[in-house]
Student: 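Dropping the structure in here first, questions after.
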Amino acid sequence: QVQLVESGGGLVQAGGSLRLSCAASGRTFSNYAMGWFRQAPGKEREFVAAISWSGGSTSYADSVKGRFTISRDNAKNTVYLQMSSLKPEDTAVYYCAADFGLGTSADTESYDYWGQGTQVTVSS
């Protein structure tokens, strides 16, 4: 079992920044890849970013490339999502997820454990 707890969400003006954190517990953190997804009201959950177990490989959705950065600290069992130049369309509940595979999948079906989510609201 893996427990994931997100934090760092909130209300920010367009153009601002936020850093989300996801603390993991339960199994060896460095054994799995991590991803961030988001879900806006009335929309499907969508991929945002992913990072391999070592941090050596990352992937991003086109909509956030150049604005968001995913990173991890295996010593702290934590993955981060630094979000900059935020837009109103980034408003959503953001979820972190753990994947025991080797890659940086964008597919929700690849992920084995999910956090409860943290709300990010970007005002115009």
Student: What heavy-atom pair brings T78 and S21 nearest, and what distance separates the two atoms?
Tutor: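 Shortest heavy-atom separation between T78 and S21 comes out as CG2-CB, 4.2 Å.
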
Student: Are F100 and L4 connected into the same hydrophobic cluster when the rule is that any two of I, L, V, M, F, W, Y join if their side-chain heavy atoms are below 4.5 Å apart?
Tutor: yes

Student: Under the salt bridge (Lys or Arg N to Asp or Glu O under 4.0 Å) test, which residues partner K65, sequence neighbours left out?
Tutor: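 For K65 the salt bridge (Lys or Arg N to Asp or Glu O under 4.0 Å) partners, ignoring immediate neighbours, are D62.
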
Student: To the nearest 0.5 Å, what is the distance between CG on D99 and OG1 on T108?
Tutor: 11.0 Å

Student: Restricting to pairs with a member in residues 9-30, which pass ring-ring contact (aromatic ring centres under 6.0 Å, His included), not counting sequence neighbours?
Tutor: F29-Y32

Student: Would you say V93 ends up clustered with F47 if hydrophobic residues are merged whenever their side chains have heavy atoms under 4.5 Å apart, either directly or through other cluster members?
Tutor: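 Linked, F47 and V93 end up in one cluster.
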
Student: Can you confirm whether or not the ring centre of F68 sits under 6.0 Å from the ring centre of W36?
Tutor: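 They do not qualify: ring centres at least 6.0 Å apart.
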
Student: Under a 3.5 Å distance rule, please check whether E6 uses its side chain to pair with a backbone N or O of G117 as donor and acceptor.
Tutor: yes

Student: Got a sec, which pairs hit salt bridge (Lys or Arg N to Asp or Glu O under 4.0 Å) with one end in residues 20-42, sequence neighbours left out?
Tutor: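 Checked against salt bridge (Lys or Arg N to Asp or Glu O under 4.0 Å) - neighbours excluded - the pairs reaching residues 20-42 are R38-E46, R38-D90.
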
Student: Step by step, would you call L20 with M83 a side chain to side chain contact (heavy atoms under 4.5 Å, CB included)?
Tutor: CA-CA 8 Å; L20 305 183; M83 305 186 295; 3.8 Å; yes

Student: If I compare all heavy atoms of V64 with all of V48, which pair ends up nearest, and what's the gap?
Tutor: CG2-O, 3.5 Å

Student: State, to 0.1 Å, how close G8 and L18 come at their nearest heavy-atom pair, and which atoms those are.
Tutor: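 Smallest heavy-atom distance, with atoms named: O-CD2, 3.8 Å.
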
Student: Report the distance from atom OG of S124 to atom NZ of K87, rounding to the nearest 0.5 Å.
Tutor: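 Reported to 0.5 Å precision, the distance equals 14.0 Å.
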
Student: Let me confirm one number: the CZ-OG distance from R19 to S84, rounded to the nearest 0.5 Å.
Tutor: 11.5 Å

Student: Just to verify, which of Y94, Y95, W114 counts as forming a ring-ring contact (aromatic ring centres under 6.0 Å, His included) with F37?
Tutor: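 Output: one option passes, namely W114.
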
Student: So, the side chain of R67 versus the backbone of S85: is there a donor-acceptor pair under 3.5 Å, distance only?
Tutor: yes

Student: State, to 0.1 Å, how close V79 and I70 come at their nearest heavy-atom pair, and which atoms those are.
Tutor: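 Where V79 meets I70 most closely, the heavy atoms are CG2-CG1, 4.0 Å.
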
Student: Answer yes or no: is there a donor N or O on one side and an acceptor on the other, between the side chain of D112 and the main chain of G101, under 3.5 Å?
Tutor: no

Student: Show the numbers, then the answer: is there a side chain to side chain contact (heavy atoms under 4.5 Å, CB included) between T69 and Y60?
Tutor: CA-CA 8 Å; T69 302; Y60 296 90; 3.8 Å; yes

Student: Evaluate Q119 against L11 for side chain to side chain contact (heavy atoms under 4.5 Å, CB included), listing each step before the verdict.
Tutor: CA-CA 8 Å; Q119 176 71 47; L11 174 64; over 6 Å; no

Student: Tracing side-chain links under 4.5 Å among I, L, V, M, F, W and Y, which residues wind up in one group with V5?
Tutor: none

Student: List for me each residue that meets side chain to side chain contact (heavy atoms under 4.5 Å, CB included) alongside A14, sequence neighbours excluded, and say none if there are none.
Tutor: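 Per chain and number, A14 pairs via side chain to side chain contact (heavy atoms under 4.5 Å, CB included) with P88, V122.
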
Student: Ignoring hydrogens, what is the shortest heavy-atom contact between T104 and I51? Give both atom names and the distance.
Tutor: CG2-C, 3.7 Å

Student: Give a yes or no answer on whether the side chain of Y111 reaches the backbone of C96 with a donor-acceptor pair at less than 3.5 Å.
Tutor: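 Not at all, since once roles are kept as given, no pair shorter than 3.5 Å links the two residues.
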
Student: Compare every heavy atom of M34 with every heavy atom of C22, then report the nearest pair and how far apart it is.
Tutor: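 In terms of heavy atoms, the two residues are closest at SG-CE, 4.1 Å.
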
Student: Can you list the other members of the hydrophobic cluster that holds Y80, where links are side-chain heavy atoms under 4.5 angstrom apart?
Tutor: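 Besides Y80, the hydrophobic cluster comprises nothing; the residue is isolated.
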
